[in-house]
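Inspection log for the structure reproduced underneath, given as structure tokens.
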Amino acid sequence: MTQRNEDDKGVYGIAVAAEMAGIGEQALRLYERRGLLTPDRTAGGTRRYSVDDVTILRRVAQLLGEGLNLAGARRVLELEEDNRRLEAKITRLMRREVRGPDRS
DNA sequence: CTTCTAACA
DNA sequence: TGTTAGCA
């Protein structure tokens, strides 16, 4: 039920996304098959990469350059996403602690 | 644009 | 293991 952010919506074709991330198109398809990201698909089945997807792709390139393999990069992406959620939760809890939980 | 296959480092 | 080129 969580609404989608503008940057989560796929807008770029694979050629554009590959060019933006500096990665080959075949590699992008491989990353998807390995579960590193899941770009949107049009009704016809063509991939639609979002701004966030391109950010992830850049991160992947960075991790691979640091010596991680695809499985390792995937792990890191998962953990980083977990951390973002936890951080957001902490922020919510802190806000509640300051002004109180019951406020309309 | 897609998936698949094979060659290469 | 990951990338790339070529094919259908």
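All chains are named by letter (A, B, ...) in the order of the sequence lines, taking the proteins before the strands, and each is independently numbered beginning at 1.
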| Sugar-phosphate only, base, or nothing, as touched by A:Arg41 at under 4.0 Å among non-hydrogen atoms | sugar-phosphate

| said: Applying a 4.0 Å non-hydrogen cut-off, can you work out what A:Arg48 is touching in the nucleic acid: base, sugar-phosphate, or nothing? | reply: nothing

| query | Can you give one letter per nucleotide of nucleotides 3-8 of chain C, going 5' to 3': B for a protein heavy atom under 4.0 Å from the base, S for sugar-phosphate only, - for none? | reply | BBBB--

| Short N-O contact, A:Arg4 and A:Asp52, less than 4.0 angstrom |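 No salt bridge links A:Arg4 with A:Asp52.
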
| Residues A:Glu78, A:Arg75: salt bridge by 4.0 Å N-O rule | yes

Atom [atom1] of [X] to atom [atom2] of [N]: distance rounded to whole Å?
| X | N | atom1 | atom2 | value |
| --- | --- | --- | --- | --- |
| A:Tyr49 | B:dT2 | OH | C1' | 12 Å |
| A:Arg33 | C:dG2 | CZ | P | 12 Å |
| A:Tyr12 | B:dC1 | OH | C1' | 19 Å |
| A:Leu28 | C:dG2 | CG | P | 15 Å |
| A:Glu32 | B:dC1 | CD | C1' | 13 Å |

| query | Okay, side chain of A:Asp40, backbone of A:Gly10: is any donor-acceptor separation there less than 3.5 Å? | reply | yes

| Mind checking who C:dA8 pairs with, Watson-Crick or G-U wobble, both distances under 3.5 Å? |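 Pairing partner: B:dT2.
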
| query | Are the side chains of A:Leu63 and A:Arg59 in touch, meaning some heavy atoms are under 4.5 Å apart? | reply |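 With C-beta onward as the side chain, the pair touches.
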
| task | Measure the OH-CG distance between A:Tyr31 and A:Leu70 for me, rounded to the nearest 0.5 Å. | result | 6.0 Å

| task | Look at A:Arg47 and B:dT2 and indicate whether a side-chain polar atom (N or O) is within less than 4.0 Å of OP1 or OP2. | result | yes

| query | Knowing that exactly one of A:Val60, A:Ile56, A:Leu28, A:Leu57 qualifies, which makes a side chain to side chain contact (heavy atoms under 4.5 Å, CB included) with A:Leu36? | reply | A:Val60

